2 protein chains.
Amino acid sequence: MTAALAAPLFPTPGLLERLRPHAAATALTGCDGCPARALAVCQALADADMDEFGAIGDQQRFAPKEALFRQGDDADAVFTITSGMVRLYRLLSDGRRQILGFLLPGDFIGLAPDERYASTAEAVTPVAACRFDARAYATLAERKPRLLASLRRAAADELAAAQDHMVLLGRRSADERVAAFLIALRQRLAVRGGGAVTIALPMSRQDLADHLGLTIETVSRVISRLARERVLLVVPDGVRVLDAQKLQALAAA
Amino acid sequence: MTAALAAPLFPTPGLLERLRPHAAATALTGCDGCPARALAVCQALADADMDEFGAIGDQQRFAPKEALFRQGDDADAVFTITSGMVRLYRLLSDGRRQILGFLLPGDFIGLAPDERYASTAEAVTPVAACRFDARAYATLAERKPRLLASLRRAAADELAAAQDHMVLLGRRSADERVAAFLIALRQRLAVRGGGAVTIALPMSRQDLADHLGLTIETVSRVISRLARERVLLVVPDGVRVLDAQKLQALAAA
DNA sequence: CGGCCTTTTGATGTACTTCAACCCCTGTGG
DNA sequence: CCACAGGGGTTGAAGTACATCAAAAGGCCG
């Protein structure tokens, strides 16, 4: 139904390219040319330290739905996402799910390395990630104050994001949740060099619902209505922001 | 109406004593005899380091409703609570409030010292806290790896708690929220040497509602019903757990 | 005792969920 | 080439958990 309108805007140039691993083109060893280099925790390290750093980590790839780790597993590794998107979630015993966040290139997982993982991390798109042995990583961090400082900043950011999300879940309406989520994701994609108008949504509606504390139907209805009101344009695997101001107003900061 | 039942159980021996500052009895200088010593981040320091540590911090007292800091203020200090209870919250522009957490003795605030505080910290009861200059604290931490490690653990714990709360807010019913909250608070009080059956609730119903993402009426109704069903006994400034098993079942982990 | 604020309880309203049907792809096999 | 099964998404109708509105019932401090 939006096809007539959508057509002239297509094809979006490489909507999800930046989220996808760049084929086998990238050499899997070393941090040179890592697409997440400028974003990640590792940027804190001097070039001289990178060899040592690269030595304890190795690139891994994950297919969609494949888990980086599962809730309850021994927490023996930490990760930096280099491409793709990861969902981090917790399950209740009866199957209810809360997605804690969607991770993008440059994001770090494992700031809270307790004995066991408290949540599951699963690839949404094909994912590439640097995997580090948790123990080796911790040891290295102890000797590199700049890395440690960088980790602290990452932890601070993540905590702030978690608090934002608590406000969203506790005190916002369905419309506000969707709008606020889209604005936040757009911001994060923009930092990573994504276009500023098209927001990639490679995750399913169920994923969105489980992140926003809603049902799949409510998410669908809200997005449909925003499209009808010409705030958004629904495109495959994403949305285009037609009226950023209105979207902002809906988010009700 | 619960008076007949409640009477024999009263008076609860010093229900809130542990949350209250011990009058002027405590000398305000130094960390010796600090009631939070065993719990706080500072426990990581060797006795030898404590002088230096004590030098950059000073004890402050706050009356109920008084702010330790406010959302938007320059983030120039961090705190360790030594007695009392603090609520940490964020406000939306239209006045809606989300309480991110209630802080108890030993808890640390300021793990995310960005430029400005992203939330407000306000005394619920009379509060005593160690205030540290943020810059001096950071400098000291750089030179004391054990303190840094302790901060990391604190950050990890806080992040895990935030994630727990996201699950609560996003995916749990009103009954489950109240039950899960009470169990978690009971656990935290128990660690701090509180009794295991009586849960201190010095905060208002409005505070509870704003923490649990509910309204004051819903909180009141749920607690009333739990009392009617003999799961809880409502006492002044708290509740007594009569049927821990049932409460646990209601929380639906 | 009387005023004020918090809490409780009741009656009504509604935003979101639940249930259900249908659509639209994409893939598979005859 | 089309049939059709199956999964994700949208849309509609009905239900419900919680919110809102309203009023009464405590506590607390003058």
Side-chain angles (χ1 to χ4, degrees), chain A residues 1-4 6 10 64-65 87 94-98 124-125 168-179 181 201-229 232-239 250 252, chain B residues 1-4 6-7 10-11 15-16 64-65 87 94-98 124-125 168-179 181 201-229 232-239 250 252:
Chain A
M1 84 217 286
T2 55
F10 288 162
K65 302 192 181 183
R87 60 178 163 247
D94 62 0
R96 279 176 289 178
R97 186 178 67 154
Q98 174 66 40
V124 174
T125 64
L168 182 147
L169 292 171
R171 283 294 176 235
R172 294 172 111 105
S173 71
D175 285 15
E176 290 168 351
R177 291 183 201 200
V178 171
F181 169 75
L201 297 174
M203 70 293 274
S204 70
R205 291 286 187 266
Q206 186 65 64
D207 285 342
L208 288 179
D210 286 348
H211 184 47
L212 300 178
L214 301 168
T215 59
I216 187 175
E217 294 95 331
T218 299
V219 171
S220 181
R221 273 186 252 269
V222 171
I223 292 179
S224 294
R225 185 155 36 71
L226 293 183
R228 220 175 304 125
E229 292 168 357
L232 299 178
L233 175 65
V234 179
V235 302
D237 286 324
V239 294
L250 276 164
Chain B
M1 82 209 296
T2 54
F10 288 162
L15 212 188
L16 278 176
K65 303 194 180 181
R87 60 180 163 246
D94 62 359
R96 279 175 289 178
R97 186 177 69 155
Q98 175 65 42
V124 174
T125 64
L168 182 147
L169 293 172
R171 284 292 175 239
R172 296 173 110 104
S173 71
D175 285 14
E176 290 168 352
R177 292 183 201 198
V178 171
F181 168 76
L201 297 175
M203 71 293 273
S204 71
R205 291 285 187 266
Q206 186 63 64
D207 286 342
L208 288 179
D210 286 347
H211 185 47
L212 300 178
L214 301 168
T215 59
I216 186 176
E217 294 95 332
T218 299
V219 171
S220 182
R221 273 185 251 270
V222 170
I223 291 178
S224 294
R225 185 155 36 72
L226 292 184
R228 219 175 303 127
E229 292 168 0
L232 299 178
L233 176 65
V234 179
V235 302
D237 286 322
V239 295
L250 275 164

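To find a chain, count down the sequence lines: A is the first, B the second, and so on, and within it residues start at 1. All figures in this text were calculated on a predicted structure; none of them were measured in a lab.
- A/Ser220 has no side-chain polar atom (N or O) that falls below the 4.0 Å cut-off from OP1 or OP2 of D/dG9.
- Between A/Arg205 and D/dT10, a side-chain N or O to OP1/OP2 separation shorter than 4.0 Å is present.
- One can place CD of A/Glu217 at 12 Å from P of D/dT11, the figure rounded to the nearest angstrom.
- Out of C/dC16, C/dT18, D/dC18, the shortest distance to the side chain of B/Leu214 is found at D/dC18.
- At least one donor-acceptor pair closer than 3.5 Å links the side chain of A/Ser224 to the backbone N or O of A/Ser220.
- Look at CD1 on B/Ile223: it is 18 Å from P on D/dG26, rounded to the nearest Å.
- Between B/Leu250 and B/Leu226, some side-chain heavy-atom pair lies under the 4.5 Å cut-off.
- Remark: A/Arg225 engages A/Asp175 in a salt bridge, criterion side-chain N to carboxylate O under 4.0 Å.
- One atom, CG of B/Asp210, and another, P of D/dC18, lie 17 Å apart when rounded to the nearest Å.
- Mapped onto DNA chain C by nearest heavy atom, B/Arg221 and B/Gln206 fall at different nucleotides, with B/Gln206 at the one closer to the 5' end.
- One atom, CZ of B/Arg225, and another, P of D/dA17, lie 11 Å apart when rounded to the nearest Å.
- Rounded to a whole Å, the CD1 atom of B/Ile216 is 12 Å from the P atom of D/dT20.
- When atom types are taken as modelled, the side chain of B/Gln98 and the backbone of B/Asp210 share a donor-acceptor pair closer than 3.5 angstrom.
- At the heavy-atom level, B/Ser204 lies under 4.0 Å from the strands shown only through sugar-phosphate atoms.
- In this structure, B/Met203 atom CE and C/dC5 atom C1' are separated by 19 Å, rounded to whole Å.
- Atom pair B/Leu169:CG and D/dA17:P shows a separation of 19 Å (rounding to whole Å applied).
- Between the side chain of A/Arg228 and the base of D/dT11 there is no donor-acceptor pair of N/O atoms closer than 3.5 Å.
- Across the protein-nucleic acid pair, A/Arg171 atom CZ and C/dA15 atom P stand 16 Å apart, rounded to whole Å.
- Heavy atoms of A/Ser224 sit under 4.0 angstrom from primed sugar atoms or phosphate atoms, though from no base atom.
- Counting heavy atoms from C-beta on, the side chains of A/Met203 and A/Leu201 come closer than 4.5 Å.
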